[in-house]
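We count ligands from 1, going down the list as the structure has it; atoms in each ligand are counted the same way.
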Amino acid sequence: MILIGASGHAKVILDILFKNEITVDRILDANPPVTELFGVPVNLDDGAQLSKETKAVIAVGNNLIRKKIAESRLLQYMPAVHPRSTVSPFAKIGTGTVVMANAVINPDALVGKHCIINTGAVIEHDCVLEDYVHISPNAALAGNVTVGECSQIGIGAVVLQGIKIGNNVTVGAGAVIIRDIPDRVTVVGNPGRIIK
Ligand SMILES: CC(=O)SCCNC(=O)CCNC(=O)[C@H](O)C(C)(C)COP(=O)(O)OP(=O)(O)OC[C@H]1O[C@@H](n2cnc3c(N)ncnc32)[C@H](O)[C@@H]1OP(=O)(O)O
């Protein structure tokens, strides 16, 4: 297994992989901030081709950059699920998606590829998360919520049941979303209002 990205987010993913007794051989980073993380060497990512059989997780928090890397490098992307998260056997999570400690994903939720379900996040029944979504720590989606590609739900935000959130949306920390949100906007506050 390799990681792509050596940020703080990578530390959390390494911790999850270690807890699952998965060996990480190396970490690639286009601009390595360190030479090793928890004993795993960090190497310069010069864009060289890797075997398509290489198992990998993209440990990059920025949704658009994660998408760019996934689309430019065809590897065997793996999920990373913390053993103390709760993922229903009736939910689905896509390749490359990471699920942090204490997160809950309830039945019939569909979580796409390369998503981040961060620490303590709650994804209720029947939610649909498209690819490259990030649900930040302690954010909660009530039942039947839809979140479009590359959108981020900020730390501690809540989304009421049945709401549809568009693509490339940023929901600010602590926001309360009570109405559908169109594509490419930033929403903050309670009730959530569009500021950009
Ligand atoms: C493990 C991890 O760390 S995961 C990462 C978790 N991090 C997050 O969830 C961060 C979420 N990001 C935010 O909440 C950000 O503040 C954003 C994206 C909503 C806005 O950021 P920016 O685009 O830089 O906007 P900026 O800081 O200039 O604020 C614009 C206005 O919105 C207000 N504002 C910003 N964030 C919020 C918020 N969360 N709630 C209410 N108001 C807010 C500001 O006070 C400012 O108001 P003003 O124009 O009246 O002065």
Side-chain angles (χ1 to χ4, degrees), residues 3-19 24 27 29 31 33-34 37-38 42 57-70 79-87 93-94 96-105 111-124 127 129-142 145-160 163-196:
L3 289 194
I4 302 176
S7 60
H9 182 52
K11 294 179 186 175
V12 183
I13 295 174
L14 272 183
D15 189 46
I16 292 172
L17 295 170
F18 292 161
K19 284 194 166 80
V24 180
I27 302 168
D29 195 297
N31 192 11
V34 288
L37 273 184
F38 306 146
V42 177
V57 177
I58 305 173
V60 172
N62 182 294
N63 294 338
L64 296 175
I65 296 175
R66 207 164 59 256
K67 178 178 180 185
K68 196 171 166 196
I69 294 170
V81 179
H82 196 287
R84 279 186 294 100
S85 62
T86 303
V87 180
I93 62 170
T97 282
V98 297
V99 182
M100 296 353 186
N102 293 329
V104 177
I105 303 179
V111 178
K113 293 184 294 181
H114 300 285
C115 292
I116 302 169
I117 310 302
N118 225 315
T119 314
V122 173
I123 314 299
E124 267 302 341
C127 285
L129 278 55
E130 294 181 7
D131 301 339
Y132 311 105
V133 160
H134 178 182
I135 310 298
S136 301
N138 275 338
L141 308 184
V145 167
T146 300
V147 183
E149 186 176 287
C150 288
S151 290
Q152 179 181 5
I153 309 299
I155 189 164
V158 300
V159 182
L160 298 201
I163 296 290
K164 295 189 187 337
I165 293 178
N167 300 330
N168 299 293
V169 167
T170 302
V171 170
V176 178
I177 304 303
I178 64 168
R179 293 187 193 90
D180 292 354
I181 306 292
D183 295 344
R184 292 181 295 280
V185 296
T186 299
V187 184
V188 300
N190 177 8
R193 66 181 199 289
I194 295 174
I195 57 163
K196 286 180 193 173

Looking only at atom types and distance, does a side-chain atom of [X] sit under 3.5 Å from a main-chain N or O of [Y], one as donor and one as acceptor?
X: N168; Y: D183; answer: no
X: T86; Y: V104; answer: no
X: T97; Y: G112; answer: yes
X: N167; Y: E149; answer: yes
X: T146; Y: K164; answer: no

Before you tell me yes or no, could you show the steps for V169 and Q152 under side chain to side chain contact (heavy atoms under 4.5 Å, CB included), namely the whole-Å CA-CA distance, both residues' side-chain angles and the distance that decides it to 0.1 Å? CA-CA 6 Å; V169 167; Q152 179 181 5; over 6 Å; no
Just one of V87, V122, I123, V98 clears the side-chain contact (heavy atoms from CB on, under 4.5 Å) bar with I117, so which one? I123
[atom] [closest protein heavy-atom partner, distance rounded to 0.1 Å]:
atom: atom 9 (O) of ligand 1; answer: I155 N, 2.7 Å
atom: atom 7 (N) of ligand 1; answer: Q152 NE2, 4.1 Å
atom: atom 15 (C) of ligand 1; answer: G172 CA, 5.0 Å
atom: atom 35 (C) of ligand 1; answer: V188 CG1, 4.3 Å
atom: atom 23 (O) of ligand 1; answer: K196 NZ, 2.4 Å
atom: atom 17 (C) of ligand 1; answer: T186 CG2, 4.5 Å
atom: atom 6 (C) of ligand 1; answer: S136 OG, 3.8 Å
atom: atom 31 (C) of ligand 1; answer: I195 CD1, 4.0 Å

Under 4.0 angstrom from ligand 1, any heavy atom of P137? yes
Going by a strict under-4.0 Å cutoff (protein heavy atoms only), does [atom] have a neighbour on the protein?
atom: atom 29 (O) of ligand 1; value: no
atom: atom 51 (O) of ligand 1; value: no
atom: atom 39 (N) of ligand 1; value: yes
atom: atom 48 (P) of ligand 1; value: no
atom: atom 25 (O) of ligand 1; value: yes
atom: atom 19 (C) of ligand 1; value: yes

Test side chain to side chain contact (heavy atoms under 4.5 Å, CB included) on V159 and V147 and set out the steps. CA-CA 10 Å; V159 182; V147 183; over 6 Å; no
Between CG of N138 and CG of N118, what distance do you get to the nearest 0.5 Å? 9.5 Å
Atom CG of L141 and atom CD1 of I163: how far apart are they, to the nearest 0.5 Å? 11.0 Å
I would like to know whether D15 and K19 meet salt bridge (charged side-chain N to carboxylate O under 4.0 Å, His left out); could you show each step before the answer? CA-CA 6 Å; D15 189 46; K19 284 194 166 80; 3.0 Å; yes
State the atoms of ligand 1, each with its element, that fall below the 4.0 Å cut-off from a heavy-atom position in [X].
X: G154; result: 9 (O)
X: T170; result: 18 (C)
X: A173; result: 11 (C), 13 (C), 14 (O), 38 (C), 39 (N), 40 (N)
X: H134; result: 4 (S)

Looking only at distances, can you tell me whether any N or O atom of N118, backbone or side chain, sits closer than 3.5 Å to an N or O atom of ligand 1? no
Residue pair R66, K113: steps toward the side chain to side chain contact (heavy atoms under 4.5 Å, CB included) verdict: CA-CA 10 Å; R66 207 164 59 256; K113 293 184 294 181; over 6 Å; no
With backbone taken as N, CA, C and O and side chain as the heavy atoms from C-beta onward, which portion of H9 lies under 4.0 Å from ligand 1: side chain, backbone, both, or neither? neither
Before giving the answer on side chain to side chain contact (heavy atoms under 4.5 Å, CB included), spell out for L14 and I27 the whole-Å C-alpha distance, their side-chain angles and the decisive distance to 0.1 Å. CA-CA 10 Å; L14 272 183; I27 302 168; 4.0 Å; yes
